[in-house]
Amino acid sequence: MSTPLESWVEESARLTKPSRIVWCDGSQAEIDRLAAEMVRDGTFDQLNPKSFPNCYLHRSSPNDVARTEGLTFICSRKKEDVGPTNNWMAPAEAKDKVRPLFDGCMASRTMYVVPYIMGPAESPYSKIGVEITDSAYVVANMRLMSRMGKVALDRLGASSDFVPGLHSVGDLNPERRFILHFPEEKLIWSVGSGYGGNALLGKKCFALRIASWMAREQMWMAEHMLVLGLEDPSGKVTYMAAAFPSACGKTNLAMMVSALESEGYRVWTIGDDIAWMHIAKDGTLRAINPEAGFFGVAPGTNAKTNPNVMNAIHHDTIFTNVAMTESREPWWEGMNAEAPGNLIDWHGNRYSPGKATAAHPNSRYTVRASQSPSISSHWEDAAGVPISAFIFGGRRARVAPLVYESFDWQHGVFVGATMASETTAAATGAVGVTRRDPMAMLPFCGYNMADYFAHWLEMGRKLKNPPKIFHVNWFRRGPDNKFLWPGYGENVRVLKWMLDRIEHRADATETPIGFVPTANSLTLDGLSISRTMLDELLHVDVNDWVEEDQAVGKFFEKFGSRLPAALREEHKALGERLSGSSVATR
Ligand code: OXD
Ligand code: MN
C-alpha cells in the first residue's frame, strides 16, 4: 500500500513525466553532488573557494527576477472568500487551465521530491510540506530555508498531514506562469518561474498564503513579520514581531548590531520574514520562525547596514543575480562606495559602469539563519518565544512620524490595517508608488482581508495580555529630501522606547494618531541629531493626516460591508480627533 505522499508523487509523475525521480534527504553528500552538477550545467558559478567556501552564484532568467503578484491566484470555491486584494480563479477552471502546462513538463528532466518542515523539527506548531520540483536550484535553496529531507520524512511517516506543492520552471515564459493556491485543499501549484517567492513553495505560498487560511480556521496567526529579542542591561529579553513590506529592512532590523550595546542593549534574531504565532495555555502569544534561513535582499547590505549578515554569508551561501568580481567574489551596489573594476554583471556580461546596475535591485543571498552571530539561543524553542509588542512600518517620505504607539489593540489593528508604503523592487511593477499594504500582508494574505482584520480583532479578545502595537517609519525625509533618521543600528533607540513603554517607564504625548515620544523620552546620547530634525521626525501634521484619513476611507470602501464595524469606528474616531485638533501637535 502506498502512503498518501507516495500516491501524490506517483500521480504527479504521471502528469509531468520526468526521466527520473530523486527523493531528497537533505544530506551534505546530496548537496555536494547537486552543486557539482549545477556547476557543470551552468546553473551555478562557483565563487572563490578560499574567501567564499561552498558559495555559488546563480543567474536567473532576466524575465524571472521577482515575485509576480499579477500571476498569483487564490483558487477558493467562492470568489468573495479571497476579497478585493487577491486574484481569484475557480479551482476547476484553474486546474483545467494550468494542468496542460504541467503535462510532460519534466520529460528528460529530473523530478526532485523535497520533504520539508516549516518550523523547528520538535515544535508542535511546525507543519510539513512536500515540494515536487524540476529545479535543482530550488532544492538547494529549500535545504537552507527549511528543515529539509530525512528529518521531515521521519516526522511525516505515513500521515497525509502535509501541504503538497507542485513546481516546475516550465519554459520560464511569463505568459505561461501561474502561482496557484488551493486553500480548501491546502495545495500549491507553481509553474513558469524559478524565482524565490514564486518557486520556494515553503515560504510565501505555504508559510503565508496557505498558513494564513489555516491560522484563521485554527485561531492562530501566520504573519509577514520578523521576530527579534531585545536584551536589556539586566539580561532580560523582550520579544517583538515587526511587519514591513518587502525590501523595507526587515532582515537588517532582525539582525541589528545595536548602537546601545555598550549600555547593555542587544538584539537577538529569531526570524527575519515570517512568524507563526499561537495562543499558549497561559494566554500569551508565542512565536516560532517557520523558516530556517534568510532569503535577503543583497543591494544596500554592507558592514554598516547589516554586519551580522556580511559575516554570515562568507560560506555555504547561494547568491542570486548579484555581480561577481575578478576574484570571483559576490558584489552588489551599496556593498562599498565604489564598484571594483572588471565586474561581471548579473546577466553574466562584463559590466560597464554608468549604465544599469551590476547586481539586480532584487538580487538575493540565501543563508542558514544559524550562521548569523545574532541568532538567539531560543530561535528553535519548540514552544516559541512570548511576544510583547507588534511593530508595523513602511517607507514613507512624509506623514508617519518616527514612531507612535496605538491607544489599544483595536486601534492597533486599525493602524496595521491602514499602513502604507512606497513600493520596492521585490515585486514586479512600478517602484516608489505609495500603496496601502495592511500588516505588510497585501501580497500574502490567502483570504479576504476584511476577514483577516476580523481575525486580528478576535485574536486580541482571546489574548490575556495582548502585545502593545507600534508603528515606525525609518524613512521620513526633511525639507532637503534627506533622510532624517540614521536607521540601522540606531533603530535600537526606538526599540528601547517601546520596551520602556511596555515597562511603563517612558513618557509620550497623546496626538490624534496615538502616543508619540516626548523628545526627552528617547535615548539619543551619542547621536548627532538636531532638535529641529527630531521635532520634524516626531511631528504629526494634521493636514497630512486629514489627507491620509481620506485615503484610508477610499481603501476601506473596497471591502464593502465585510469590513469589521470596529475598523469603521476607528476610522470615524480618527477623523473626529483630527478635526478636533486645529493646531498641529508639535
Ligand atoms: C521576500 C519578499 O522575499 O517579501 O521576503 O518579497
Ligand atoms: Mn518577505
Side-chain angles (χ1 to χ4, degrees), residues 1-12 21-31 34 111-133 138-167 181 183 185-188 200-215 217-222 227 270-271 273-278 280-281 286-293 295 366 368-370 375-385:
M1 261 276 286
S2 311
T3 64
L5 174 57
E6 285 161 353
S7 306
W8 175 64
V9 170
E10 281 157 24
E11 182 197 317
S12 303
I21 301 179
V22 171
W23 287 69
C24 296
D25 63 14
S27 65
Q28 188 63 45
E30 175 180 86
I31 193 63
L34 277 178
M111 169 197 269
Y112 300 97
V113 181
V114 186
Y116 60 93
I117 306 176
M118 295 311 286
E122 306 300 330
S123 174
Y125 303 136
S126 299
K127 295 201 177 294
I128 295 176
V130 182
E131 176 163 354
I132 288 179
T133 179
V138 164
V139 177
N141 276 274
M142 287 297 287
R143 184 170 172 272
L144 301 179
M145 294 302 295
S146 67
R147 281 87 178 169
M148 185 274 259
K150 184 172 180 309
V151 63
L153 269 192
D154 287 350
R155 181 163 160 161
L156 181 65
S159 162
S160 60
D161 193 9
F162 65 94
V163 170
L166 178 60
H167 169 252
H181 307 73
E185 273 181 81
K186 317 279 186 281
L187 167 71
I188 304 159
L200 311 178
L201 302 186
K203 193 174 178 61
K204 305 301 188 181
C205 299
F206 178 1
L208 288 175
R209 298 195 189 98
I210 295 287
S212 61
W213 185 290
M214 290 176 165
E217 286 176 341
Q218 301 161 7
M219 217 50 221
W220 53 282
M221 303 169 96
V227 179
I270 299 288
D273 196 43
I274 299 176
W276 283 359
M277 292 170 284
H278 288 76
K281 285 211 178 68
R286 296 238 153 207
I288 61 163
N289 172 9
E291 300 191 282
F295 181 65
T366 319
R368 269 195 211 282
S370 56
I375 201 75
S376 159
S377 55
H378 296 286
W379 87 284
E380 298 194 283
D381 280 6
V385 295

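Side-chain atoms are counted along with the backbone in the values below, which use heavy atoms only and exclude waters and symmetry mates.
- Taking CE of Met219 as the reference point, atom CD of Glu217 lies at 12.5 Å (rounded to 0.5 Å).
- Ser123 places no side-chain N or O within 3.5 Å of a backbone atom of Gly119 that could act as its donor or acceptor partner.
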Next item on the list: Would you sort out whether Arg155 and Asp161 count as a salt bridge (Lys or Arg N to Asp or Glu O under 4.0 Å), showing the intermediate values?
Entry: CA-CA 10 Å; Arg155 181 163 160 161; Asp161 193 9; over 6 Å; no
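- Residues Val138 and Met142 are in side-chain contact: their nearest non-hydrogen atoms beyond the backbone lie under 4.5 Å apart.
- Of all heavy-atom pairs between Ser370 and Ile375, the closest is O-CG2, 4.2 Å.
- The shortest distance between side-chain heavy atoms of Ile128 and Val163 does not fall below 4.5 Å.
- A distance-only check finds no donor-acceptor pair linking the side chain of Asp25 to the backbone of Gly149 [under 3.5 Å].
- Side chain of Arg147 to backbone of Glu291: a donor-acceptor contact under 3.5 angstrom is found.
- If you take CE on Met277 and CD1 on Ile288, they are separated by 10.5 Å, rounding to the nearest 0.5 Å.
- Every residue two or more places apart in sequence or in another chain was checked for a ring-ring contact (aromatic ring centres under 6.0 Å, His included) with Phe162, and none qualifies.
- No side-chain heavy atom of Val227 sits less than 4.5 Å from a side-chain heavy atom of Trp379.
- Between the Glu6 side chain and the Thr3 main chain, a donor and an acceptor come within less than 3.5 Å of each other.
- Residues satisfying the side-chain hydrogen bond (donor to acceptor under 3.5 Å, both in side chains) criterion with Ser160, sequence neighbours excluded, are absent altogether.
- Expressed to the nearest 0.5 Å, how far OG1 of Thr366 lies from CG of Asn141 amounts to 4.0 Å.
- In this structure, Arg368 contributes its side chain and Gly293 its backbone to no donor-acceptor pair below 3.5 Å.
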Checklist line | Intermediate values then yes/no, side-chain contact (heavy atoms from CB on, under 4.5 Å), Val139 and Met148 | finding: CA-CA 9 Å; Val139 177; Met148 185 274 259; 3.8 Å; yes
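- Within 6.0 Å of the CD atom in Glu122, the count of heavy atoms belonging to other residues, nucleotides or ligands does not exceed 12.
- Side chains of Lys204 and Asp273 form a contact here, defined as non-hydrogen atoms less than 4.5 Å apart.
- Closest non-hydrogen pair, Tyr116 versus Gly202, comes out as OH-CA, 3.4 Å.
- Closest approach of Ala215 to Ala222, counting heavy atoms only: CB-N, 3.9 Å.
- Side-chain contact check for Met214 versus Phe206: some heavy-atom pair is nearer than 4.5 Å.
- Within the 3.5 Å criterion, the main-chain N or O of His181 finds no donor-acceptor partner in the side chain of Arg209.
- At a threshold of 4.5 Å between non-hydrogen side-chain atoms, the residues Val130 and Val113 count as touching.
- Rounded to the nearest 0.5 angstrom, Leu201 CG and Ile188 CD1 are separated by 5.5 Å.
- Listed for the Glu131 side chain is no donor-acceptor partner under 3.5 Å among the backbone atoms of Val114.
- Taking both residues in full, the closest heavy atoms of Met118 and Ser146 are given as SD-CB, 4.1 Å, listed atom of the first, atom of the second, then distance.
- In this structure, the separation between CH2 on Trp276 and OG on Ser126 is 7.0 Å, given to the nearest 0.5 Å.
- For the pair Lys186 (side chain) and Pro183 (backbone), a donor-acceptor distance under 3.5 Å is present.
- In terms of heavy atoms, Arg286 sits closest to Gly384 at NH1-O, 2.9 Å.
- Under a 3.5 Å cut-off, the side chain of Asp381 and the backbone N or O of Ala383 do not form any donor-acceptor pair.
- Taking CD1 from Ile21 and CD1 from Ile132, the interatomic distance works out to 8.0 Å, rounded to the nearest 0.5 Å.
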